[in-house]
Amino acid sequence: MNSMEKINQFRDERNWRPFHNEKDLALSICLEAAELLELFQWKESEEARTQTERLKEELADVLIYSYMMADNLDFDIDEIISEKLKKNALKYPVDEVQNK
């Protein structure tokens with residue numbers, strides 16, 4: 001069972017599907033990203049990195065909601081990442097970026 005199947009199984013066992021519309025998933029991504037960011041607030045990166053378990057949990061929350069949104073929209077995660085990396089490669093060519 002892949003990650004998306006596990007996420008959907010967890011959601012469906014709890015009958016949470018009606019609450020996972022795109023708007024609420026986008027809000028949840030932002031809220032969980034803020035919780036991730038809060039772990040770094042007023043700290044040096046090295047200090048924040050010591051909170052390994054919390055970092056894993058908050059990052060997982062962001063990824064879970066992101067996967068759910070992609071699934072709702074019928075987006076293939078590998079495909080949209082690949083497309084974005086191609087666009088970024090055009091926007092930020094290696095030879096131009098390395099010389100700055």
Side-chain angles (χ1 to χ4, degrees):
M1 185 178 296
N2 68 33
S3 294
M4 193 68 252
E5 292 168 336
K6 290 176 187 176
I7 292 166
N8 285 340
Q9 179 182 1
F10 182 88
R11 177 202 64 203
D12 294 343
E13 288 173 347
R14 289 153 182 80
N15 298 314
W16 287 351
R17 180 67 183 96
F19 308 106
H20 292 165
N21 59 71
E22 292 76 22
K23 176 194 68 78
D24 289 329
L25 290 170
L27 285 167
S28 296
I29 291 166
C30 288
L31 293 170
E32 295 300 339
E35 289 181 23
L36 177 62
L37 184 57
E38 186 177 29
L39 297 175
F40 291 90
Q41 185 179 24
W42 314 120
K43 299 178 181 113
E44 297 293 326
S45 284
E46 295 77 27
E47 182 184 354
R49 288 182 57 139
T50 65
Q51 301 179 73
T52 307
E53 204 55 39
R54 289 286 315 282
L55 288 167
K56 287 180 186 178
E57 289 174 6
E58 298 307 338
L59 184 56
D61 286 339
V62 171
L63 292 168
I64 288 167
Y65 285 126
S66 297
Y67 269 61
M68 292 172 82
M69 178 174 262
D71 190 54
N72 275 16
L73 297 168
D74 293 322
F75 293 162
D76 178 283
I77 292 169
D78 291 331
E79 183 179 307
I80 64 174
I81 290 172
S82 178
E83 289 171 2
K84 182 60 177 169
L85 288 172
K86 286 177 189 174
K87 287 180 181 180
N88 284 352
L90 293 172
K91 188 174 181 180
Y92 307 105
V94 173
D95 56 336
E96 289 181 23
V97 180
Q98 286 183 347
N99 296 325
K100 290 188 178 185

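Just so we're clear, the structure is a prediction, and the values are computed from it rather than from any experiment.
Atom NZ in Lys91 sits 6.0 Å away from atom NZ in Lys84 (nearest 0.5 Å). One distance of note links OG of Ser28 with CD1 of Ile64; it measures 11.5 Å at 0.5 Å rounding. The CG atom of Asp12 lies 11.5 Å from the CD1 atom of Ile7; values are rounded to the nearest 0.5 Å.
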For residues 29-45, please give each side-chain donor-acceptor pair under 3.5 Å, one per line with the distance, not counting sequence neighbours.
| residue | atom | partner | partner atom | Å |
| --- | --- | --- | --- | --- |
| Lys43 | NZ | Leu39 | O | 3.4 |

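Looking at heavy atoms from C-beta onward, Arg49 lies out of side-chain contact with Glu46 at the 4.5 angstrom threshold. Between Glu58 and Val62, every side-chain heavy-atom pair lies at or beyond the 4.5 Å cut-off. Counting heavy atoms from C-beta outward, Asn8 and Met4 have side chains that approach closer than 4.5 Å.
The minimum heavy-atom distance linking Ile77 with Ala70 is given by the pair CG1-CB, 3.8 Å.
Under a hydrophobic clustering in which Ile, Leu, Val, Met, Phe, Trp and Tyr are joined whenever their side-chain heavy atoms come within less than 4.5 Å, directly or via other members, Tyr67 and Phe75 fall into the same cluster. Transitive grouping of hydrophobic side chains (ILVMFWY, heavy atoms separated by less than 4.5 Å) keeps Val94 and Leu90 in distinct clusters.
Each of Asp78, Ile80, Asp74 was compared with Asp76 under the side-chain contact (heavy atoms from CB on, under 4.5 Å) criterion, and only Asp78 meets it.
Sorted by first and then second residue, the side-chain hydrogen bond (donor to acceptor under 3.5 Å, both in side chains) pairs with a member in residues 14-26 read Arg17-Asn72, Asn21-Asp24, Glu22-Asn72; sequence neighbours excluded.
With hydrogens and angles left out, the side-chain atoms of Gln9 and Glu13 include a donor and acceptor closer than 3.5 Å.
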